[in-house]
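Keep in mind that what you see is a predicted model, and the values were worked out from it rather than measured.
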Amino acid sequence: MTDARVLHNVFSVVVHLAPVPVVARIPTVLPHSEDLDSLARRQRAELDVTRWLADQGTPVIPPSPLVPREPVRRDGFSMTFWQFVEEDRDKEPDYVANSESVADLHAAMRAYPGRLSFLSAADPRFIAESLVLLEKLPDLIGAAELDRARREWQILEPRVRSRRAFEEAFPGVDLQPIHGDSPPANIFSGTDGDLYADFELITSGPVEWDLAALGPVHEAAYDRGARRNGTRLLNEDVLRFVNAVGMLRIIASLTLVPQLPELAEYLKPAVDQWQTMPFAGGLAP
């Protein structure tokens, strides 16, 4: 293997192991709440669901058939291996069309038979621990903003950690397997068509989670897709909830800045936007 090349290098290093059609993905920037064992559990769930979706004919980037479908641990890293797909570099992403397409992904995922934990993509442990750690990082967030984040978390945390608490707060809202990590932004433009990708945060939860923070245009696009395939439309109350939780995950992600300094500028617009939003999404305690 002499032609390996890096395809992507931000939170993970993604390497095409050319000349073989295999891509290695190695997470390198991890939350302080995650160790290699918990990362490997997430990776196994991702490998399982993408293999299952591929077997059902859903357009996904599947695990490589040339490598055992298991995370591999080497030198303090846990990595997974995927089928290489040639990218259509001339195609511009259409996030509105992608949002409509996510309704089809959700319809396909409903029958997934594997067990998934409730809203693990929200990573409540990471949020809770980060709101403590941020006290020691005053250059990243002010005291008043940190106080607001902590008070919001007191309201939101029970509905993130407990499926029962969520169902009591949002009666009649069904839960199902969901992508977990903004799938409209994780559709890969292959030369033979679009493929759903990056199921690293696969979880069980409300479909609204996958549209968090995208706004009304993308929400309307999703609803068009849901009407077309006969699945339910987005619930406004749940959208407010997932948007509020998503913003607190962004605040928590400030703790990753020491590992990835360029993240500070990337997160700043979202942090500024959060300060203009209703407290805890306007949800009552």
*asked:* Once rounded to the nearest 0.5 Å, what's the spacing between atom CG of L263 and atom CZ of F11?
replied: 4.5 Å

_Working for side-chain contact (heavy atoms from CB on, under 4.5 Å), residues Q83 and V23_ = CA-CA 6 Å; Q83 184 173 306; V23 171; over 6 Å; no

*Output the distance between atom CG (L17) and atom CG (D3), rounded to the nearest 0.5 Å.*
11.0 Å

*Counting N and O atoms only, with roles assigned by atom type, does the side chain of N243 sit under 3.5 Å from a partner on the main chain of A213, one being a donor and the other an acceptor?*
yes

_Are more than 12 heavy atoms, taken from residues, nucleotides or ligands other than F279, located less than 6.0 Å from that residue's CZ atom?_
yes

*Using the ring pair (Phe, Tyr, Trp, His ring centres under 6.0 Å) rule, collect all pairs that involve residues 144-191, keeping only residues at least two apart or in two chains.*
F118-F166, F166-F170, F166-F241, F170-F241, H179-F199

*Any side-chain heavy atom of L195 sitting closer than 4.5 Å to one from I187?*
no

*Kindly compute the distance separating CG (L140) from CG (L267), expressed to the nearest 0.5 Å.*
9.5 Å

*asked:* Once rounded to the nearest 0.5 Å, what's the spacing between atom CZ of R148 and atom CD1 of I141?
replied: 10.0 Å

*May I ask you to say whether E168 pairs ionically with R164, meaning some side-chain N is under 4.0 Å from a carboxylate O?*
no

*H32 and T255: side-chain contact (heavy atoms from CB on, under 4.5 Å), yes or no, with the steps?*
CA-CA 8 Å; H32 45 80; T255 60; 3.6 Å; yes

*asked:* Can a donor-acceptor pair be found, under 3.5 Å and without considering hydrogens, that links the side chain of E208 to the backbone of N235?
replied: yes

*Begin from the C-alpha positions of R125 and E157 and carry the test salt bridge (charged side-chain N to carboxylate O under 4.0 Å, His left out) through to its verdict.*
CA-CA 10 Å; R125 179 183 169 191; E157 181 178 17; over 6 Å; no

*asked:* Using salt bridge (charged side-chain N to carboxylate O under 4.0 Å, His left out), reason through R110 and D174 one step at a time and then give a plain yes or no.
replied: CA-CA 11 Å; R110 288 183 71 87; D174 62 322; 3.0 Å; yes

*Under a 4.5 Å cut-off applied to non-hydrogen side-chain atoms, are P62 and T50 in contact?*
no

*Between S64 (side chain) and L66 (backbone), is there a donor-acceptor pair under 3.5 Å?*
yes

_Carboxylate-amine/guanidinium contact E167 R159, below 4.0 Å_ = no

*At what distance, to the nearest 0.5 angstrom, does CZ of R151 lie from CG of L146?*
10.5 Å

*asked:* Pairing donors with acceptors under 3.5 angstrom, does anything connect the side chains of Q43 and S78?
replied: yes

*Is it true that atom CG of D272 has more than 12 heavy atoms of other residues, nucleotides or ligands lying nearer than 6.0 Å?*
yes

*Would you indicate whether the side-chain heavy atoms of V10 and H8 approach each other to under 4.5 Å?*
yes

*Residues two or more places apart in sequence or in another chain: which of them pass side chain to side chain contact (heavy atoms under 4.5 Å, CB included) with E236?*
L239, R240

_Can you tell whether the side chains of D123 and R42 come within less than 4.0 Å, N to carboxylate O?_
no

*Just wondering, do V85 and E87 contact through their side chains at under 4.5 Å, heavy atoms?*
no

*Taking the side chain from T203 and the backbone from S117, do they hold a donor-acceptor pair closer than 3.5 Å?*
yes

*Hey, could you give me the OG1/CZ distance between T80 and R69, rounded to the nearest 0.5 Å?*
12.5 Å

*Going by the side-chain hydrogen bond (donor to acceptor under 3.5 Å, both in side chains) test, which pairs reach into residues 93-108, not counting sequence neighbours?*
S101-Y196, D104-R228, D104-N229, H106-D210, H106-Y222

*Compare all side-chain heavy atoms of L119 with those of P124 and state whether any distance is below 4.5 angstrom.*
no

*State whether R44 and D48 are salt-bridged, where the test is any N-O pair (Lys NZ or Arg NE/NH1/NH2 against Asp/Glu carboxylate O) under 4.0 Å.*
no

*Residue pair V242 / V245, side-chain heavy-atom distance below 4.5 Å*: no

_Within-4.5 Å side-chain heavy-atom neighbours: I202 and L116_ = yes

*Examine distances only and state if a side-chain atom of S130 and a backbone atom of F126 form a donor-acceptor pair shorter than 3.5 Å.*
yes

*Distance-only donor-acceptor check, side chains T276 and W274, under 3.5 Å*: no

_Audit row: L233, R227, side-chain contact (heavy atoms from CB on, under 4.5 Å) steps and yes/no_ = CA-CA 7 Å; L233 305 186; R227 289 190 186 94; 3.7 Å; yes

*Hey, are E135 and R150 close enough for a salt bridge, meaning a charged N less than 4.0 Å from a carboxylate O?*
yes

